[in-house]
Protein chains: 2
Amino acid sequence: MSDPQFKSWQAIQAEVLRRIHARDWPPGHTIPNEVDLAREFGCARATVNRALQSLADSGLLERRRKAGTRVALHPVGKATLDIPVLRQEIETRSMTYGYRLVERALACAPAALGTDKTALHLIALHYADDVPYVVEDRWINLTSVPAAAEQPFDRISANEWLVITAPYTNGDISFTAEVAGAEQARLLNTDTGAAVFVIDRTTWDHDQTITTVRLTYAPGYRIHTAIGTGMTAK
Amino acid sequence: MSDPQFKSWQAIQAEVLRRIHARDWPPGHTIPNEVDLAREFGCARATVNRALQSLADSGLLERRRKAGTRVALHPVGKATLDIPVLRQEIETRSMTYGYRLVERALACAPAALGTDKTALHLIALHYADDVPYVVEDRWINLTSVPAAAEQPFDRISANEWLVITAPYTNGDISFTAEVAGAEQARLLNTDTGAAVFVIDRTTWDHDQTITTVRLTYAPGYRIHTAIGTGMTAK
DNA sequence: CAGATTATTATGTCTATACATAATATCAAG
DNA sequence: CTTGATATTATGTATAGACATAATAATCTG
């Protein structure tokens, strides 16, 4: 029963996927253990492990020690969004990038920044082909990033400067839809009352807050990504 | 120089991360090769490989054969969103789930469905604690999922039925902000002109379209997730 | 029979070795 | 000086064997 044609872990992953889709292994089914699969495919157990592990990462399989590997009942779709620097995001769409600092001030930090000291507040506009693309409303914690105080942010954006200067260990991001306020509408050159896409993001370096930012995109903005079952195109 | 305290690939990953954050290895720096690192850490090369590979997956390292491994210049943040079944999503927030079918009809399929045959069109409402939560506007390709024609969808939603019945190989998802139209506003029991969060999703089984759906969430909806550098807590 | 103890089992991971592959560097020939 | 063959190098992956770990099953004990 040994099939010597499955040599790579990708091939094994593809075969496992095929059986799931063909309903040979329906949702909830416990599939053979790694040793048996390795024997069937004529490869080492580590190779089977690699294949199954990556399928488990993508949520299609559920694995538990001793219990074995089951096909997930509710395959939780997972979409991975890339969150590039704004300039890259715009240039990737082959538009020319523009930047303008609107406001730069020291002020009492908002609660989200997790500090009661004064922080650096920035408002800036990013353009795509000279059309307002997104408003960046950012607070920077000067305790964790003191160098930001010296930075004018008139030529390069905080968005870009921070990824190089102040790496984060973890963060928090959320997406909402909001009605554009008067100020946002003016900056984005759109109507008050337009629906705008908003991204709120806060990043930490261990326990210290680095920055919290609200990105308000011009109407029509769309985040787009592919969802898959761990299988990339061939 | 051999340090026998780094035994697991997680420990090695943590140490590599530490060096990146400590600027021992600044952005753009080419780090030592796997053989040298393995010697330094006192472990096998495969263990170093596991650690570095997973960091490369999360976008913090860039690896190329022969060229070596470099710390990414612009660490592209990657956020993984879970896309659960709506009932789970609501029950996870410890609210009671409710469902109501609004419309069920056979009609000429829209372009997005990629078929010119008649398709099944469904409009349904999902409630959280008896408050409208999201409008599901869905088209199902009856060529690829003929069983859907027999299904009333008056008790269980297509959202739930499809994940069990018709698995997909790949899909496409996008997020936007829109102004609620009259019909949507009425269903969601909100004002026309409110900003609503919209998810458009299309799924395929190989080359066949299965379904395309537009989820229009009630105002205030927020998608929320953590971003990290591949390091889980602890 | 309930509760604690001890197998058993499947996954998780490490090691050492080997070969494959991609990208670069080197060098010879035209 | 350019072109093309060849060597070198770092990552990618496979293998067999071993031990670790978690969760379940079986068994012993009061």
Side-chain angles (χ1 to χ4, degrees), chain A residues 2-17 19-20 25 28-73 230-234, chain B residues 2-17 19-20 25 28-73 230-234:
Chain A
S2 163
D3 232 339
Q5 66 210 55
F6 298 112
K7 294 282 285 187
S8 74
W9 69 266
Q10 288 96 333
I12 288 167
Q13 178 173 341
E15 172 60 12
V16 169
L17 264 178
R19 292 186 187 183
I20 293 174
W25 295 340
H29 181 78
T30 299
I31 76 174
N33 70 41
E34 295 186 347
V35 176
D36 291 346
L37 284 177
R39 194 168 26 230
E40 186 195 344
F41 291 140
C43 68
R45 184 171 80 90
T47 310
V48 174
N49 184 286
R50 181 100 165 75
L52 297 187
Q53 194 130 50
S54 107
L55 284 175
D57 283 345
S58 69
L60 213 70
L61 294 177
E62 289 170 4
R63 322 192 72 196
R64 264 170 41 234
R65 276 165 155 147
K66 161 79 183 176
T69 303
R70 295 191 321 154
V71 179
L73 260 332
M231 287 270 73
T232 336
K234 163 138 19 148
Chain B
S2 162
D3 231 339
Q5 65 211 55
F6 299 111
K7 295 279 284 183
S8 73
W9 69 267
Q10 287 98 334
I12 288 168
Q13 179 173 341
E15 171 61 13
V16 170
L17 263 178
R19 293 186 186 182
I20 293 174
W25 295 339
H29 181 79
T30 299
I31 77 175
N33 69 42
E34 295 186 345
V35 176
D36 291 346
L37 284 177
R39 198 172 20 237
E40 187 195 343
F41 291 140
C43 68
R45 184 171 80 89
T47 310
V48 174
N49 184 284
R50 181 98 165 78
L52 297 187
Q53 194 132 51
S54 106
L55 284 175
D57 282 346
S58 68
L60 213 70
L61 294 178
E62 288 170 4
R63 322 194 72 198
R64 264 168 43 230
R65 277 166 155 146
K66 161 80 183 175
T69 303
R70 295 190 321 154
V71 179
L73 262 331
M231 286 270 70
T232 338
K234 176 161 16 169

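None of these values were measured; they are calculated from a predicted model. Each chain gets a letter, A, B and so on, in the order the sequences are listed, and its residues count up from 1.
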Derivation and outcome, side chain to side chain contact (heavy atoms under 4.5 Å, CB included), residues Ile31(A) and Ile20(A): CA-CA 10 Å; Ile31(A) 76 174; Ile20(A) 293 174; over 6 Å; no
Might you work through the side chain to side chain contact (heavy atoms under 4.5 Å, CB included) test for Arg39(B) and Asp36(B), ending with a clear yes or no? CA-CA 5 Å; Arg39(B) 198 172 20 237; Asp36(B) 291 346; 2.8 Å; yes
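One finds a side-chain N or O of Arg50(A) lying less than 4.0 angstrom from the OP1 or OP2 phosphate oxygen of dT13(D). At the phosphate of dG12(C), neither OP1 nor OP2 sits under 4.0 Å from any side-chain N or O atom of Gln10(B). Using a 4.0 Å cut-off, no side-chain N or O of Thr47(B) falls inside it from OP1 or OP2 of dT13(C). Within the structure, a side-chain polar atom (N or O) of Thr69(A) is placed less than 4.0 Å from OP1 or OP2 of dT11(C).
In this structure, Asn49(B) places its CG atom 13 Å from C1' of dC14(C), rounding to the nearest Å. When the P atom of dT9(D) is taken as reference, atom CZ of Arg63(B) falls 18 Å away, rounded to whole Å. Rounded to whole Å, atom P of dC14(C) lies 7 Å from atom CD1 of Ile12(B). In this structure, Gln13(B) atom CD and dC14(C) atom P are separated by 11 Å, rounded to whole Å. Nucleotide dT11(D) holds its C1' atom 13 Å from the CG atom of Asp36(B), rounded to whole Å. Summarising the geometry, the separation between CZ on Arg39(B) and P on dT15(C) is reported as 15 Å, rounded to the nearest angstrom. Residue Ile31(A) contributes atom CD1, which lies 12 Å from atom C1' of dA10(C) at whole-angstrom precision. dT24(C) atom P lies 16 Å from atom CG of Asn33(B), rounded to whole Å.
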Atom pairs and distances, donor-acceptor, side-chain atoms in residues 44-52 of chain B, under 3.5 Å, two or more places apart:
| residue | atom | partner | partner atom | Å |
| --- | --- | --- | --- | --- |
| Arg45(B) | NH1 | Glu34(B) | OE1 | 2.6 |
| Asn49(B) | ND2 | Glu34(B) | OE2 | 3.0 |

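Looking at residues two or more places apart in sequence or on another chain, you find no side-chain hydrogen bond (donor to acceptor under 3.5 Å, both in side chains) involving Arg64(B).
When only modelled atom types and interatomic distance are considered, Arg63(B) and Thr69(B) share a side-chain donor-acceptor pair under 3.5 Å.
Nearest nucleotide to the side chain of Ala44(A), out of dT13(C), dA16(D), dT15(C): dA16(D).
Here the CG-OG distance, from Asp57(A) to Ser54(B), works out to 9.5 Å after rounding to the nearest 0.5 Å. Between the OG1 atom in Thr30(A) and the CG atom in Leu61(A) there is a gap of 11.0 Å [rounded to 0.5 Å].
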Base contacts versus sugar-phosphate-only contacts with protein, heavy atoms under 4.0 Å: please encode nucleotides 19-28 of chain D as B, S and - from 5' to 3'. --BSBB----
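Checking Ala46(B) against Val35(B), the closest nucleotide of DNA chain D that is more toward the 5' end is the one next to Val35(B).
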